[in-house]
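Just so it is clear, the values below take in all heavy atoms, side chains as well, and ignore hydrogens, waters and symmetry mates.
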Amino acid sequence: MSDPTIRVRIAPSPTGPLHIGTARTALFNFLYARHVGGTFLFRLEDTDVARSTPEFERDIIDGLHWLGITWDEGPDAAGGLDKGPFAPYRQMQRLAIYAEAADRLLDADLAYPCYCTPDELEADRKAQEAAKQPPKYVGRCANLTADERAARQAATARPPATRFRVRPGVIAWNDLIRDRIEIDTTNLGGDFVIVRSEGTPLYHFTVVVDDAAMAVSHVIRGEDHVGNTPKHILLFEALGHPVPTFGHLPLILNPDGTKMSKRKSQTAVDDYRAQGFIREGLLNYLAYLGWSPGTEEDVLSLDEIIAKFDIDKVHKGGAKFDIGRLEWLNGQWIRKLDADDLIDRLRPYLQAALDDGRISRLPSDDEVRALLPVIQERLPTLAAVVDLVGFLWIDDLALDPALVVPKRWDAATTHEALVAARGILAAHDAVTWEADELEPPLRELVEARSWKAGDLFMAIRVATTGRTATPPLFDTLVALGRERTLARLDAAATALAPAIVR
RNA sequence: GCCCUCAUCGUCUAGAGGCCUAGGACGCCACCCUUUCAAGGUGGAGAUCAGGGGUUCGAAUCCCCUUGGGGGCACCA
């Protein structure tokens, strides 16, 4: 299915790392384009020169690619070449286009030069605030004669900004998601600046010029843009371009219900990635934030989501970000990964653990592969592998002697049990060091002493791993290996000795 | 202050007038499985569908009001 009339875009500005909200907006545009067979384009809105950096640009592009979101037009790599018939797709490389459009507006008197200084503007705003009035441009420069303009220019010394005339009237559109919205232009805050006094164009202007130039048919963006839409519609009209269809997505919210922010939530996609969330899980979760296929399925692949995506089913109300549900979904997807893939994905997290000293050596792929049957279903995130079985790759295990003693036992019994178990395990050689071989003789020991298997196993578990929660004991001992198992049992027994009261 | 907007379990959601004494999932609780932890299985608690008026034979679903929440109002994007 292909529909060349449908063109959507994501237009982030590289003023910060890829935000989870940007990723979600990109995802919905991507889903919409892929579902209907339209075109998805990527444009960098880097006109805020002071805050835009190549590093953020790279972070955004890499992050989106990591998620599996691809675009048909736009820069494919940070600093790389733009592809697509409307290149360039970086706004700072399109300044001539905005300048030409601004001149047209100026010539038609749809915009005018504004000589107001920041001080004047701030004073206006303060006065309005004091009078409990909504902030609004007072129109000081709206109807100046040529002489007056010259006078104001002479007084300020800096070049004028360009202000767009907001005409009276009601702007209405049929929103893809929220149906009809009408806004009176008197509530827009007056004529707004489209070109700074230093000459660079502003957001409201560049989006419209570019969406027009790039033939964007559907503008799907966050709900926080609803108030900007009438300004954009006015600009499309002034520029003589057909107005695209708008759709405003519900916001992703902090747990307290406010718009998701760095202050209250983790917002950088890369941070989720660093924590071991995988693309399948994050994507699946993000897709369900404000959308549902209307069925009772929860775990869907990107392809399945594309197939089922329907913009009519997108919600109007915001959705709180629930990390717990993300973790569950992530675990679902980790369980679906095949062995080689999982090993590949685990490697960076093990390396990171080695780098910061949480483990002493890096396990081989085969070591990790042997562990997969017992750890794969226990990983909510990839990074959790270190917490789960990191003890296998630590040279000097920190051991709390008190933890080694099971609840129903005392130190003396535990010591005796560990020594006995050590003796039994030592009888095995490298060949019979298998889970099936290790367990029966220890069960016989338990039987002979009238102990509980759970107590013995717990004592051995803590002695050999330092923790009370681990994957199944005998698989763990096999992974640890005969020598280290025996050494750790010895060390635990020794550590216990002082605690034995006679 | 002004404008816009939203409203189903704690959370994500199903629901587009009768199928709803409101379904699923996460989380929570219990039980089963079990050497711990998970996973899995079974069951449970959990929403008078924000409140109040209508419309209708019939409303979570349509209309109005109220309340509550959110977003926005830059020479940021």
Side-chain angles (χ1 to χ4, degrees), chain A residues 11-16 45-48 50-52 114 116-118 121-122 125 128-129 131-137 160-163 175 178 181-184 186-190 192-198 200-204 206-207 222-230 248 250-251 253 255 257-259 285 288-299 312-313 315-329 331 335 374-380 388 406 439 442-443 446 452-458 460-462 465 467-474 476:
Chain A
S13 44
T15 54
E45 311 219 323
D46 53 359
T47 55
D48 185 349
R51 295 195 299 145
S52 297
C114 174
C116 294
T117 63
L121 263 15
E122 200 189 320
R125 205 159 18 240
Q128 286 156 351
E129 194 178 325
K132 302 263 188 199
Q133 296 292 314
K136 179 183 180 125
Y137 177 59
T162 303
R163 233 174 240 281
D175 197 275
R178 345 181 65 86
I181 299 179
E182 299 183 355
I183 296 178
D184 194 305
T186 57
N187 297 310
L188 260 30
F192 56 91
V193 176
I194 55 175
V195 181
R196 291 182 178 89
S197 107
E198 43 106 351
T200 53
L202 254 12
Y203 166 74
H204 293 305
T206 58
V207 249
E223 182 191 342
D224 47 349
H225 281 289
V226 175
N228 293 331
T229 298
H248 292 89
L251 263 19
L253 276 18
T258 54
K259 179 164 110 172
Y285 178 71
Y288 271 81
L289 236 36
W291 173 83
S292 150
T295 62
E296 290 187 348
E297 305 160 288
D298 293 300
V299 184
D312 286 340
K313 283 187 166 292
H315 293 189
K316 295 178 179 174
K320 292 177 187 168
F321 196 88
D322 179 5
I323 190 87
R325 197 177 164 81
L326 205 211
E327 282 178 357
W328 173 77
L329 217 34
R335 273 165 233 150
V374 292
I375 65 172
Q376 188 159 13
E377 66 189 24
R378 269 166 250 262
L379 293 174
L388 188 62
E439 183 170 354
L442 287 177
R443 290 220 179 249
V446 163
K452 297 227 184 233
D455 291 334
L456 205 224
F457 293 171
M458 182 54 83
I460 298 174
R461 169 176 294 112
V462 177
T465 69
R467 23 195 337 153
T468 55
T470 69
L473 182 60
F474 299 100
T476 303

Could you measure between the two P atoms, the one in C28(B) and the one in C4(B), and give it in whole Å?
43 Å

Between G317(A) and P250(A), the two heavy atoms sitting closest are O-CB, 3.1 Å

What is the distance from CD1 of I194(A) to P of A74(B), rounded to the nearest Å?
16 Å

Would you say U13(B) has OP1 or OP2 under 4.0 Å from some side-chain N or O of H315(A)?
yes

Using the C1' atom as the reference point in each nucleotide, state the distance between U61(B) and A25(B) in Å, no decimals.
23 Å

Between R196(A) and C76(B), is there a side-chain N or O to OP1/OP2 distance below 4.0 Å?
yes

Would you indicate what G290(A) reaches in the nucleic acid, counting non-hydrogen atoms under 4.0 angstrom: base, sugar-phosphate, or nothing?
sugar-phosphate

So L121(A), base contact, sugar-phosphate only, or nothing? Heavy-atom distance under 4.0 Å.
base

Using Watson-Crick geometry (N1-N3 plus N6-O4 or O6-N4) or G-U wobble (N1-O2, O6-N3), each under 3.5 Å, U67(B) is paired with A7(B)

A77(B), G1(B), C75(B): which one has an atom nearest the side-chain heavy atoms of D48(A)?
A77(B)

Does any N or O donor sit under 3.5 Å from an N or O acceptor when you compare the side chain of R335(A) with the base of A39(B)?
no

Mapping G318(A) and G454(A) onto RNA chain B by nearest heavy atom, which one lands closer to the 5' end?
G318(A)

Any ion pair linking K452(A) and D455(A) (charged N to carboxylate O, less than 4.0 Å)?
no

Please state the C1' separation for the pair C9(B) and U48(B) - nearest whole angstrom.
13 Å

Give the rounded distance in Å between these two atoms: NE2 of H248(A) and C1' of G70(B).
15 Å

When the C1' atoms of U13(B) and G46(B) are compared, how many Å lie between them, rounded to an integer?
15 Å

Measuring only the P atom in each nucleotide, how far is U36(B) from C20(B)? A whole number of Å is fine.
42 Å

Selected nucleotide, minimal atom distance to N187(A) side chain, candidates C3(B), A77(B), C73(B)
C3(B)

Once you apply the 3.5 Å cut-off to both distances, tell me the Watson-Crick or G-U wobble partner of G1(B), or none.
C73(B)

Under 4.0 angstrom between R461(A) side-chain N/O and C37(B) OP1 or OP2
no

Choose from A77(B), G71(B), G1(B) the nucleotide whose nearest atom is closest to any side-chain atom of D224(A).
G71(B)

Tell me what E198(A) touches on the nucleic acid: a base, only sugar-phosphate, or nothing, going by heavy atoms under 4.0 Å.
nothing

Under 30°, 30 to 60°, or over 60°: which ring-plane class applies to F321(A) and Y285(A), parallel, tilted or perpendicular?
perpendicular

Checking contacts here: which listed nucleotide (A77(B), G24(B), A38(B)) is nearest the side-chain heavy atoms of S13(A)?
A77(B)

Test item: T206(A) side-chain N/O and P201(A) main-chain N/O as donor-acceptor pair under 3.5 Å
no

With both distances under 3.5 angstrom, what nucleotide forms a Watson-Crick or G-U wobble pair with C28(B)?
G44(B)

Heavy atoms only, 4.0 Å cut-off, all strands: where does P118(A) land among base, sugar-phosphate and nothing?
nothing

Take atom NZ of K136(A) and atom P of C2(B), then tell me their distance rounded to the nearest Å.
14 Å

Does a side-chain N or O from R178(A) land closer than 4.0 Å to OP1 or OP2 of C6(B), or not?
no

Given the rule in the side chain to side chain donor-acceptor pair (under 3.5 Å) test, do H315(A) and S292(A) qualify, once you have shown the distances and angles that lead to the verdict?
CA-CA 9 Å; H315(A) 293 189; S292(A) 150; 5.9 Å; no

Among C2(B), G24(B), C75(B), which nucleotide sits nearest the side chain of V193(A)?
C75(B)

Under 4.0 Å between a Lys/Arg side-chain N and an Asp/Glu carboxylate O for K259(A) and E223(A)?
no

What's the closest nucleotide to the side chain of E377(A) if the choices are U36(B), G27(B), A39(B)?
A39(B)

What integer number of Å spans the C1' atoms of G15(B) and A30(B)?
30 Å

Assign P250(A) to base, sugar-phosphate, or nothing according to its heavy-atom contacts below 4.0 angstrom with the strands shown.
nothing

Would one find a side-chain N or O of T47(A) under 4.0 angstrom from OP1 or OP2 of A77(B)?
yes

Using whole Å, report how far CD of E223(A) lies from C1' of A7(B).
12 Å

K316(A) atom NZ is separated from A60(B) atom C1', nearest whole Å, by 15 Å

Between atom CG in D322(A) and atom P in C9(B), what is the gap in whole Å?
15 Å

Which of these nucleotides, C75(B), G71(B), C76(B), is closest to any side-chain atom of A161(A)?
C75(B)

At under 4.0 Å between heavy atoms, what does I375(A) touch on the DNA or RNA strands: base, sugar-phosphate, or nothing?
nothing

Taking the six-membered ring of Y137(A) as reference, does the cationic atom of R163(A) (NZ for Lys, CZ for Arg) lie under 6.0 Å from its centre and within 45° of its axis?
yes

Listed nucleotide nearest any side-chain atom of Y288(A), set C3(B), A25(B), C12(B)
C12(B)

Atom CG of D175(A) and atom P of G71(B) are separated, to the nearest Å, by 18 Å

Under a plain distance cut-off of 3.5 Å, with no hydrogens placed, do T200(A) and R196(A) share a side-chain donor-acceptor pair?
yes

Checking A77(B), G71(B), C73(B) against the side chain of K259(A) (C-beta onward), the nearest is G71(B)

Select base, sugar-phosphate, or nothing to describe what N228(A) touches, counting heavy atoms under 4.0 Å on all strands.
base

Please work out if L473(A) contacts a base, only the sugar-phosphate, or nothing of the nucleic acid, heavy-atom cut-off 4.0 Å.
base

Side-chain N,O (K320(A)) to OP1/OP2 (G10(B)) below 4.0 Å:
no

How would you label the contact of T470(A) with the nucleic acid (heavy atoms, under 4.0 Å): base, sugar-phosphate, or nothing?
base

Side-chain donor/acceptor of Q128(A) to backbone N/O of K136(A), under 3.5 Å
yes

For A59(B), the Watson-Crick or wobble counterpart (both distances under 3.5 Å):
none

First of H204(A) and W291(A) reached from the 5' end of RNA chain B, by closest nucleotide:
W291(A)

Expressed as a whole number of angstroms, how long is the span from I181(A):CD1 to G72(B):C1'?
12 Å

I'd like the C1' distance from A38(B) over to C32(B), given in whole Å.
16 Å

Tell me what T206(A) touches on the nucleic acid: a base, only sugar-phosphate, or nothing, going by heavy atoms under 4.0 Å.
nothing

Is there a donor-acceptor pair closer than 3.5 Å between any side-chain N or O of D46(A) and the backbone N or O of S13(A)?
no

Of U35(B), C2(B), A74(B), the nucleotide closest to the side chain of F474(A) is U35(B)

For nucleotides A22(B) and C49(B), find the distance between their C1' atoms and express it as a whole number of Å.
7 Å

